[in-house]
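Following: one structure in structure tokens, then a few remarks.
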2 protein chains.
Amino acid sequence: MEDGTAERIRPRDRILETARDMFHKHGIKGVGVDAITEAAGTNKMTLYRHFESKDDLVIECLRATACSANAMWQKFEAEHPGDKLAQLHAWVRMAADCLMMDGRGCDMANAAIELSETDHPARRVIKELKQAQRDRLVGLCRDAGIGQAELLADTLSLLLEGARVSLQSVGAEGPSAQFVRMAEGLITSFKAR
Amino acid sequence: MEDGTAERIRPRDRILETARDMFHKHGIKGVGVDAITEAAGTNKMTLYRHFESKDDLVIECLRATACSANAMWQKFEAEHPGDKLAQLHAWVRMAADCLMMDGRGCDMANAAIELSETDHPARRVIKELKQAQRDRLVGLCRDAGIGQAELLADTLSLLLEGARVSLQSVGAEGPSAQFVRMAEGLITSFKAR
DNA sequence: TCTAGAAGTTACAGACCGGTAACACCCTAG
DNA sequence: CTAGGGTGTTACCGGTCTGTAACTTCTAGA
């Protein structure tokens, strides 16, 4: 019989979830597999039975993160069905909320910075997933009736990416505090064209 | 007698220069002190005679980077004496050139991401230096006669920061390719207000 | 109840890390 | 010529890292 207790999740999922959290907080090179398995209430052997290597675990974590992001987009559509412009504003709001709540940027960008080896297996995945997110934002801008949809989407992307990294270097009182104002101003000016 | 041969630079400077280059390329946690000293043509003992610790070396590298950045600003003033608007455009051009030539972002931002421990000694330095750069850009925008100088400067900051990290995750064909267009467009629209 | 597979445990290999000690060397200022 | 400081060399310390082997324990399903 399945009992739904949180304690009884499969070790693989516990490891994945714990690793995501720890990689996010301390960076990939900042946390070892021993620490992950201990925090997940299991052991190293079990980790290596489910994942080929630490790199493999990292990649699975990034995929899981991308999957969570997808859920966000579905929420936008559910909350503002058909209203693409409202969804774009919801995206800005969500981004700002993440900025204020979290403080430690985008897992994929952080991973790309940390894993500087150009042939690292995770880099391919990061590029794919980031490209997909970009395409999605471009599509949203286009469907919202913005003329230069690509340019607006790319500008918003860079602003958000910049805000996330600026938050970690300059702090919360730095330029990232103005993110919403910038983003909303941009959307307004692009609508006017 | 001093002979000016490049070979005869002091070990301390050789270490500092080599460390800057290697930290930049491979990240701080991605390179050990042994590798640095070997590449600098010296040894670990000499490094620890000149720097208290690896963290201390990191901090000195960041200060050196900030110093190089200062030199840029003096070049702007020298090339366009008094013409603040031209200096702002020169800043954009310089930023774009760095983006295309380099590929591996801002040392301070990268360090802030890598050194996630909130009490890491380098974080204070990073915040100070980044804040100084921000103030400088705000001052330039204000002197150039821009009305909302802070907002323009912060927006440009985030755009550049975002472009540098996006370059590492999505690649050169990603949003960062449009950086100049975005920045110039922003300056134009802020002038018109 | 029995069994097969999943999970836990312990120990270990081999490499690398930051940092230090002891000692030999060289080069320059006096 | 000589003394001393900067430098090079070698060896080492204790710790941490990823990854593996061998063995025991647990648990779910027939």
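Just so you know, these numbers use all the heavy atoms, side chains as well, and skip hydrogens, waters and symmetry mates. Note on naming: letters A, B, ... go to the chains in the order of the sequence lines (proteins, then strands), and numbering restarts at 1 for each one.
With rounding to whole Å, A/M45 atom CE is found 10 Å from D/dA22 atom C1'. In this structure, B/R49 places its CZ atom 10 Å from C1' of D/dT9, rounding to the nearest Å. Between the CZ atom of B/R10 and the P atom of C/dC27 there is a distance of 13 Å, given to the nearest Å. What separates NZ of A/K29 from P of D/dT16 is a distance of 19 Å, to the nearest Å. Taking atom NZ of residue A/K54 and atom C1' of nucleotide C/dC16, one finds them 13 Å apart after rounding to whole Å. Between B/K44 atom NZ and D/dA11 atom C1' there is a gap of 10 Å when expressed in whole angstrom units. Summarising the geometry, the separation between CG on A/D34 and C1' on C/dA13 is reported as 14 Å, rounded to the nearest angstrom. Between the CG atom of A/N43 and the P atom of D/dT20 there is a distance of 15 Å, rounded to whole Å.
Proximity of B/T46 to the phosphate of D/dT7: no side-chain N or O atom is located under 4.0 Å from OP1 or OP2. OP1 and OP2 of D/dG6 both lie 4.0 Å or more from every side-chain N or O belonging to B/H50. Residue B/T42 has a polar side-chain atom (N or O) positioned under 4.0 Å from OP1 or OP2 of D/dG8. Residue A/R14 places at least one side-chain N or O closer than 4.0 Å to OP1 or OP2 of C/dG8.
To the nearest 0.5 Å, the span separating CG on B/D135 from CG on B/L140 amounts to 12.5 Å.
Judged purely by distance below 3.5 Å, without hydrogens or angles, the side chains of B/N70 and B/R136 pair a donor atom with an acceptor atom. Side-chain contact of A/D21 with A/T18: a donor-acceptor pair under 3.5 Å is absent, judged by distance alone. For the 3.5 Å distance criterion, the side chains of B/H26 and A/E117 fail to qualify, holding no donor opposite an acceptor.
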